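Reading through the structure tokens given below for one structure.
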Amino acid sequence: MSSLSSLNKKLFRDLWRMKGQALAIILVVACGVATYVMSISTYDSLETTRTGFNREYRFADIFASLKRAPESLTARLSEIPGIERIETRVVAPVTVDIEGFEDPVTGLVSSLPDRGEPLLNNLYLRSGRFLEPGRDNEVLLNEAFAKSHKIKPGESITITVNGRQQQLLVVGIALSPEHIFQISPTAFYPDFKRYGVMWMNRSAISTAYNMEGAFNDVVISLSGERSEEEVLERLDLILEPYGSRGGYGREYQLSHRYLTEELKGLQKMATVYPVIFLGVAAFLLNVVMTRMISTEREQIAILKAFGYDNLEVGYLYFKLVLIISAIGLAIGIYAGVWLGENLSNLYMEFYRFPYLNYVLRPSVVIISCLISLLAAISGTLLAVRRAVKLSPAVAMRPEPPVSYRATFIERLGLQSFISQPGRMILRHLERRPVKSLMTVVGIAFGCAIMVMGTCFGDAIDYMIDVEFNISRHDDLIVSFIEPTSGSALNELKSLEGVFHAEPFRSVPVKLVNGHKSYRTTLEGTSNENRLSTLLDQDLKKIELPPEGIVLTEHLGKLLGVRPGDRLTIEVLEGERPIKEAQVAALVKQFVGVSAYMEIDALARFMREGSAISGVRLTFDPTYRADIYSRLKDMPRVAGSLAREDALQNFNNAMAEQIYIFIFFIISLATIIAFGVVYNSARIALAERQRELGSLRVLGYTRGEVSYILLGELAILTLLAIPLGFIIGRGLAKYIIDSMQTELYRIPLVIESDTYALSALVVLIAAVISGIIVREKLDHLDLVEVLKTKE
Amino acid sequence: MKESLLKENTATAKTAIFEVRGLTKVYGMGEVEVHALRGVDMDLYEGELVVLLGPSGSGKSTLLNIIGGLDGPSSGTVTYMSKNLTLATDRELTEYRRRHVGFVFQFYNLIPSLTAKENVSIVTEIAENPMDPADALAIVGLSERKDHFPAQLSGGEQQRVAIARAIAKNPSVLLCDEPTGALDSETGIVVLEALDRVNRELGTTTALITHNMDIASMADRVIHLKAGHISEVLINSEKLSPGELVW
């Protein structure tokens, strides 16, 4: 006797016979598992890498900047209980000249101790070497900045500190946990070309910035003995007289916060997509197994007639599903790890991590197994139960011919318009409404996943349209190093080629509502401004009230306030005034979380005259180079950002991040769409083979018989597509709702192109499946069909 | 009718292994009720070959299915070796079929993905005291064809595989539902010869359903069914061998 029992032989031969269908299910399961493994492992890897990098390179816990304090203050600061390490620094805003790059470039030079490693925020050296002690003309560049200008160690750059130009030799390219996400404090998204972080020896930058014997920045790590709040309270108390804007913890550190938000978005995508994919896989497995088992009801009856019990029969089919899922699972895990490694590497480059620890937690693999198993069991259990529930005598009889009747359309009296095969199609569909519905829902899910995956492109286009075309009309935003008098506006207005200029004031604030607070910028702007408008839900312009504050919708949500509620504004610069204000309106913005106020009201609140932080302007493009070069000569100008560059930055920052993910999702969605449609077609064929064979015997041509089967598939597919649109929209909404972050809110926008593409993929899948089924129909063995009983 | 049956009982003086009493079966077919059996009393004796004869719709298949534990009656009892099958649970019926009953169906019902020998093994693997599948195939004269798949066998051959499958577990009773119904007479006779041989050589009690009067000549007893009743029971004083049958 051979080692395999006959039942197992049957199992393997059945599996081989249904290999096409099995392959489709295997692929769907594999896609579900792969998405899950890919997404979660990518997220885990990035999070682990970040945590590891932060720990290894001693990322500080607390940050504070101030105007100027004597070095002797360090001793007092070190006595604050709860501090583990403390390091004072000199941080200087600079402008940078890069040969061959016209646009104004700004940057930040941060000091490194003259000797030895920094106590905190240590650097990872990517290339070149560290600074030599005592060399005041050496600089290290942040990798993102250096790469965007293709600067290599050995080249030099020119910076302007405090109005004085200085040529520096780039000795190394480095990465810091403090600037993984290199972004200017005034920007919403990173601009690696126009903003760069650099490091110089403490003595060198102190001399250049007039900070000898003093510091203007301090970073602290906590020992854990005291809470962050306690330490911050003591710190602020000591630093307040020295012009501190108040210390803040990691969660407000710009790079850290942005990265956290980005990873949060990734994590949400990473959880929601796989759930949907695996759900579809389970559904499909369920449909296919139900159908397959029902076509085998005679065989089940025979096995039972010979004394196999329900458990043995059930186990047989369960094993079949188990094998299919196990193969799918294995492929899925393998593909998921491969994709995960690649995706992680892409993200590593995108986020500028120094290295990547690819992490595949065992729990991810175990959960994949459990979910697939659950899908397999739930898919099989019901079907097998239904099959074994029948007494063998009943199961062995052909299924009682379900009473066909004239269809709805025929009852309407339209039968004369429908051919006999057409009537067969309709009656068949109507006879088994649940089965037809399941097929429709299955195909609809294939379509829905395509819609859900593709719609992000539309959403991003829409965001760009609203942010860069509807609400912004300027060509350039110029910002000043410090609040400046209104004369600066006139200076800019008088530049040749400038059409129009509008001032704005932006102030760092902490908004407080009860125990909820948020640090952001409060922008003062005027209702007369044309270059930048605030929009409501319906993209209508919002008028700023004479008093009161307008918040970005998401900020309102974070603070838990609605129009009419009051909140406290604590200004973090100048005289640091505090006042209560009413929330006048919430404004629709997809990017950032800002607050707005009427510019005069803000000036009164700040107790200042006509101070401005920057200017928005439009200009004649032919004067672009001139205007840029004039701006470089203005010492007060901190930076400027053209709208087109901002758009580019936006694309680089978020669009790319999402596109990377979406690319994978769409590939997998296509496979799922094919898997669902192909399976539906094959099942339809298996179920109706005999009936169609009989028709062939009666003299129907191949074409006519195919028409009956494929016509049915066509009708189901056409019904499924609109349903898929609806489900897809629902899924997209679910994902998008769960992806709201402080960095950006993706709107739910689905253009007709997306629907068309999704429908097209499903239709192509249907046509290909139809061709395969047609091929099988053409080779139907008519004699065999008649030999076996119905 | 009961009396005549009892008379047969004493006449043959054999042990009854099945006792069927007052059996009815009503199917609900949508809005119509179909009375398949309307009170059947019948015994089957050890080692005999009984033919159940009747037109289609007379209830023969229903009767056979209930005896075989594939279906339950609406009322009445079936006793097998003093065990009441009508009270048996699903599990007990499974056990009963597994140990005691061999089935042969009109349309063979072989598992298409298994070879002839494997189709027999599928039963011997779960039986308590089976014969070698090769021996079972030898009895029905198919030793040469044991590695063929059902699709590669003729109808008669498929049916003989089905018989081999049914007898391979050494069942106490062999129930055959129109075993020649789908075959031409020549092939049918080969199949019947296989059944006759099993009955003679192994002594397996065999109940055979047919609507073909001519086949009745090979039986020990012929039970006529008509519209759910037993209308007549005949004893063949002179059994014909299948080879002598003509139809």
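On a predicted model such as this, the values are computed, not experimentally measured, just so you know. Sequence lines set the chain letters: A, B, ... in the order given, protein chains first and strands last, and positions in each chain run from 1.
In this structure, CG on A/L303 lies 10.5 Å from CZ on B/R97, to the nearest 0.5 angstrom.
Taking both residues in full, the closest heavy atoms of A/F306 and B/V123 are given as CG-CG2, 3.6 Å, listed atom of the first, atom of the second, then distance. Here the shortest heavy-atom pairing between A/I302 and B/F105 reads CD1-CE1, 3.3 Å. Here the closest heavy-atom approach between residue A/Q299 and residue B/I111 is recorded as OE1-CG2, 3.4 Å. Taking all atoms of both residues into account, the shortest heavy-atom contact from B/E125 to A/L7 is OE1-N, 4.1 Å. When all heavy atoms of A/R13 and B/F149 are compared, the closest pair comes out as NH1-CE2, 3.5 Å. Residue A/S6 comes nearest to B/I122 through the heavy atom pair OG-N, 3.6 Å, listed as atom of the first residue, atom of the second, then distance.
Contact annotation for A/L11: neither backbone nor side-chain heavy atoms come within less than 4.5 Å of a heavy atom of chain B. Contact annotation for A/Y308: both backbone and side-chain heavy atoms come within less than 4.5 Å of a heavy atom of chain B. Contact of B/K117 with chain A is not made at all, since no heavy-atom distance falls under 4.5 Å.
The number of heavy-atom neighbours closer than 6.0 Å to NE2 of B/H35, taken from other residues, nucleotides and ligands shown, is above 12.
A ring pair (Phe, Tyr, Trp, His ring centres under 6.0 Å) check over residues 52-82 of chain B, counting only residues at least two apart or in different chains, returns the pairs B/F18-B/Y80, B/Y80-B/Y96, B/Y80-B/H100.
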